[in-house]
Asks: 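Structure in structure tokens, see below.
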Amino acid sequence: MSTSNRSADTEHQRVDIERADVDCLKQWDKDHVWHAFTQMAEYEPLIIESAQGAWLKTVDGQRLLDGASSLWCNVLGHRHPRLDAAISDQLGKVAHVTNLGVSNPTTIRLAVKLLQVAPASLECVFFSGDGASAVEVALKMVVQFWRQNSQPQRRRFIALGGAYHGDTVGCVSVGGIARLRDPFDSMLFDVIHGPCPDAFRLPNGVQPEQACAHYVDEYRKLLDKHAGEIAAVIVEPLMQCAAGMVQQPAGFISGLRQLTADRDILLIVDEIAVGMGRSGKMWACQWENVEPDLMCIGKGLSGGYMPMAATLTSRRVWDAFLGTHQESRAFLHGHTYGGNPLGAAVSLATLQIFEDERTLDRVLELSKALAECLRALSDHPHVGNIRICGLIAAIDLVGSRLPRQEFASIDRRGVAVCDVARQHGVWLRPLGNIVPLVPPLCISPAEIKLLVDAVSHGIEAATN
Ligand SMILES: *Cc1c(COP(=O)(O)O)cnc(C)c1O
């Protein structure tokens with residue numbers, strides 16, 4: 001018998017968990033459930049019991065419009081009948097099969113379906129469980145690729161200023177958000193960070209029509225300076241979401257593709273947030289006809305139902321790992337649940353629904369409706385800028401517009417706006433003093449209006 005040190009508060013170890021009432025669940029949530037990116041000393045439980053379409057329902061019975069798509073991953077709405085059915089059908093066969101040397105029909109079908117909709121340069125799929133894993137896979141793959149391609153000195157990465165690629169150590173290393181890097185500085189490997197290509201906040205002296213050329217030129221200089229030692233450039237195309245929905249000037253991503261191709265440097269695109277239709281095309285890099293060497297997908301891949309992610313690669317990358325067992329060239333990486341059949345089933349159904357329901361056409365229409373609703377806010381004295389890309393929009397809250405003065409981040413204006421929006425029936429999660437609107441792609445025009453109305457109330461209340 002083991003004897004463990006019990007804390008003074010052992011109440012939770014004796015009660016019947018099935019019979020816990022709502023207040024009890026809230027207390028346990030505060031005391032025992034450690035939430036991501038959350039100050040637990042200040043945490044106020046928000047417990048979602050069920051959901052339908054674009055709506056969440058709390059244990060208190062409040063209905064909330066899911067304005068953040070359950071953190072950017074729910075694309076087709078909650079409880080979509082075909083997605084629910086895809087999982088139960090798969091459950092009737094097998095829930096899990098390892099992908100270490102073993103396969104499953106649903107997982108194979110998903111791989112081929114993904115390649116049918118992916119840029120033509122991509123021919124192979126490595127499955128993992130979440131976005132950060134898909135990025136780690138890409139980074140490790142690229143380093144092992146060059147080792148086995150007679151250029152082991154190519155092992156450094158270039159990443160964008162402000163980049164976010166996930167929270168594991170490799171992902172944080174290529175990340176460019178100081179607040180997320182600083183505590184872990186001693187663990188991070190050395191990455192070259194270029195400027196943050198921001199179409200709206202340009203360096204002094206750069207005119208809007210020169211923005212793309214300016215940033216591409218900065219990256220040209222970096223690439224030339226480090227040419228022989230760079231394994232790959234990693235980029236979140238069109239809009240760097242976690243950075244604060246920072247939009248790149250048109251032409252930047254294709255410019256970067258050209259620069260890397262000319263120097264035989266691999267290009268990794270991180271489509272985890274902007275992919276799966278959110279930008280109005282299946283993949284954001286397709287707006288500029290970019291054909292990457294590797295592409296990371298996650299979040300909406302499973303419709304927002306299950307942990308599921310993938311790293312897609314070109315045949316060239318795959319080929320560098322071929323050889324006999326003795327040569328030891330296989331990719332030395334794996335995740336227990338990579339390619340999980342339940343996740344594969346719901347992902348496959350998600351991709352099929354995109355075709356059957358013409359989801360991408362809908363996104364373009366809804367994006368116009370959202371832009372139209374947001375126009376009313378664009379003259380507000382505390383709105384510095386509104387950006388929109390497909391069904392990703394962001395509102396910058398500012399102390400004043402001209403001259404532009406930021407709110408102090410300590411003021412937490414974004415949080416205040418979202419708190420008021422919640423009283424008006426909409427759930428949102430701020431990024432500092434930026435209010436992102438990232439609704440499910442199934443949202444209706446009427447729900448878009450409700451979303452923007454709630455945000456308007458929030459801005460009124462939180463900025464005066
Ligand atoms: C969310 C995100 C990730 C990390 O995905 P997780 O599933 O949270 O690990 C990586 N890159 C981008 C661009 C993201 O938005």
Side-chain angles (χ1 to χ4, degrees), residues 34-38 68-75 126-142 157 159-177 179-181 184 191 193 196-197 232-248 253 256 267-279 282-285 290 292 294-312 333 335-340 343 346-347 350 389-394 429-432 434 436-438:
W34 200 335
H35 291 270
F37 285 105
T38 300
S69 294
S70 299
L71 241 304
W72 314 350
C73 67
N74 191 289
V75 286
F126 189 98
F127 286 110
S128 53
D130 51 45
S133 305
V135 171
E136 292 279 351
V137 164
L139 300 175
K140 288 178 72 180
M141 229 174 219
V142 155
F157 294 92
L160 269 52
Y164 176 82
H165 296 292
D167 295 320
T168 56
V169 172
C171 295
V172 176
S173 297
V174 288
I177 300 176
R179 192 169 56 87
L180 304 184
R181 293 175 55 90
F184 311 106
V191 168
H193 281 96
C196 176
V233 175
I234 180 164
V235 58
E236 181 176 20
L238 292 200
M239 196 175 233
Q240 293 204 84
C241 294
M245 307 298 175
V246 181
Q247 215 163 358
Q248 296 154 19
I253 183 80
L256 198 58
L267 182 70
I268 305 169
V269 296
D270 178 347
E271 293 266 0
I272 293 165
V274 289
M276 290 302 292
R278 209 154 258 297
S279 74
M282 201 64 195
W283 315 109
C285 67
V290 164
L294 297 98
M295 183 163 98
C296 303
I297 58 184
K299 289 204 166 97
L301 171 58
S302 68
Y305 268 55
M306 306 258 313
M308 188 74 187
T311 309
L312 277 52
H333 188 103
H335 294 282
T336 302
Y337 285 104
N340 171 263
V346 72
S347 302
T350 298
C389 170
L391 277 181
I392 311 174
R429 192 172 160 94
L431 285 167
I434 296 162
L437 309 180
V438 189

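For this chain, numbers begin at 1 and follow the sequence in order. Counting convention: from 1, in listed order, for ligands and their atoms alike.
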Asks: Show me the donor-acceptor pairs within less than 3.5 Å that the side chains of residues 237-245 make with the rest of the protein, sequence neighbours left out.
Replies:
unit_1: Gln240; atom_1: OE1; unit_2: Ala163; atom_2: N; d: 3.4
unit_1: Gln240; atom_1: NE2; unit_2: Gly161; atom_2: O; d: 3.0

Asks: With hydrogens left out, which residues have an atom under 4.0 Å from ligand 1, given that only heavy atoms count?
Replies: Trp72, Asp130, Gly131, Ala132, Tyr164, His165, Gly166, Glu236, Asp270, Ile272, Ala273, Lys299

Asks: Step by step, would you call Val274 with Ile392 a side-chain contact (heavy atoms from CB on, under 4.5 Å)?
Replies: CA-CA 8 Å; Val274 289; Ile392 311 174; 4.0 Å; yes

Asks: Can you confirm whether the side chains of Ser173 and Arg181 place a donor and an acceptor under 3.5 Å from each other?
Replies: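 Absent: no donor and acceptor within the cut-off.
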
Asks: Does His193 have any ring pair (Phe, Tyr, Trp, His ring centres under 6.0 Å) partners at least two apart in sequence or in another chain, and if so, which?
Replies: none

Asks: Report the C-alpha distance between Leu139 and Met141 in whole Å, list the side-chain angles of each, state the deciding distance to 0.1 Å, and finish with yes or no for side-chain contact (heavy atoms from CB on, under 4.5 Å).
Replies: CA-CA 5 Å; Leu139 300 175; Met141 229 174 219; over 6 Å; no

Asks: Got a sec, which pairs hit side chain to side chain donor-acceptor pair (under 3.5 Å) with one end in residues 301-311, sequence neighbours left out?
Replies: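 Listed once each, the pairs are Asp84-Tyr305.
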
